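Indexing begins at 1, ligand by ligand and atom by atom, following the structure's order. Scope of the values below: all heavy atoms of this structure, side chains included, with no hydrogens, waters or symmetry mates. Because the structure is predicted, anything quoted here is derived from the model rather than measured.
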Amino acid sequence: MHIKLKKFYSDPLLDVMDFLSEVTLDFPNAISFATGSPMETFFDVESSIVALDRFVEHRARITNKPRAVIFNSLGQYNRTNGIINDLVMRHLAIDEDIHVPPEAIMVTSGYQEAMAILMIGLFDPLTDVVLVSNPTYIGTTGLAKILGVPIVPIHMDEAGLNIDILLAALEEIRLDGKRPRALYEIPDFNNPLGTSMPLSTRHELLQVAYENDLIIIEDNPYGMFAYDGKRLPTLKSLDKDGVVIYIGTFSKTIFPGLRMGFLVADQQIESENRLLAEELSKVKGFTTVNTSPLLQAMVGGILLESNGSLLPIVESKLQFYRTNRDRMVARLAEEFGGDLGGHIRWNRPSGGFFLTVTLPFTFDEQCFRICASEYGLLCCPMSFFSLDHARDHQIRLSFSYVTLEQIDEGIRRLAQFVRDRLFG
Ligand SMILES: Cc1ncc(COP(=O)(O)O)c(C=O)c1O
């Protein structure tokens, strides 16, 4: 039998995820500024398994039940929206100044499931349009393509999201007879750009969302990785009108193999005394049923050990990532300051895992391959993450999964590639 595939399979965007994971295997000796993986020397998986026991102990104590009963309950199907919502609630209050009841939280299998549930549960593909800041995380745009959710890119300028461009897009979508239903944004230490949304724009965006009946989906995997002092408040912590749905993940703060994250949807459902997260459980119940209770218990134990805050866990990692950021920026200045001065620009992100370099020529997939095979360096064309051609001259460099020596050598190789390209 021949299977005729659905149309989205041939969309090049969907090849990027596989391409990025497989290309590392194709060039095993290359230095990679392409992967945004966290460094696994920080994972401490063994202690996380021990933490599970602490969670069981804690639950046994507060419910007055034997340990064996609590342990076995982790082997059972469980509450659809999660069993550690109280602990996630405490983490949000302490670390993010977000104050919501446990019913407003749904524990999910990472960001990806949270977003899938929102896309399935909230949008009508016939009438609704989801706006995405562009370029953006391909996990989101790829998912929208698979689920048939129409997306409209909103161009980001040097400072990130531009409110005037957003307002113009809202107008245009309405003129087209569609409803702009939500905006997906990564305000803190953006992937792929490394930018952060200024405080004034955060306030403006919330106001625009309220006035336009627009949901904001705030994705915040990197917020706790701030390298230059005080963090800006999340959109959710500033949200007085309930326009923001917030998605968090433990992939970078703890480790991604947990596949553990959550969404916060504290919006009231019309004419019912229920919150949106509770209603969305109907979608989760028919997709993943519930998120592995064993893995939730591990995360629960880790949160209990650190008194509810992820800060003690993240703090030990900050120095490493900050030093890598500083080293990469310093090497860029050294390599591209002299004869190349003025031809090449880059930003200095105040947190997260990524920065943007702007080149005086287009860097496409062919450049990627030449760079990988001839120079032993992997770095991502920004066009991989873009829905238009505005970023064809840029690359995304990740500094999360490399040593200082690799940064030195990698930037040297990048400079050599650029020189050869420009001066032959
Ligand atoms: C912006 C953004 N959102 C979400 C994720 C992934 O989160 P998860 O591992 O929870 O699916 C990533 C990971 O790279 C990311 O960069």
Exercise for review: Using distance alone, with no hydrogens and no angle criterion, decide if R322 and Q319 have a side-chain donor and acceptor under 3.5 Å apart.
Suggested key: yes
Sorted by chain and residue number, the side-chain hydrogen bond (donor to acceptor under 3.5 Å, both in side chains) partners of S398 (sequence neighbours excluded) come out as S400
Applying side-chain hydrogen bond (donor to acceptor under 3.5 Å, both in side chains) to S292 and not counting sequence neighbours gives none
N/O donor-acceptor pairs under 3.5 Å from side chains in residues 363-374, not counting sequence neighbours:
from, atom 1, to, atom 2, distance (Å)
D364, OD1, Q366, N, 3.2
D364, OD1, C367, N, 3.0
S373, OG, R369, O, 2.8

In chain-and-number order, ligand 1 lies under 4.0 Å from a heavy atom of each of G110, Y111, Q112, Y137, I186, N191, D219, P221, Y222, T249, S251, K252, R259
In Y227, F354, Y111, the residue satisfying ring-ring contact (aromatic ring centres under 6.0 Å, His included) with Y222 is F354
Rounding to 0.5 Å, atoms CG (N78) and CG (L294) come to a distance of 9.5 Å
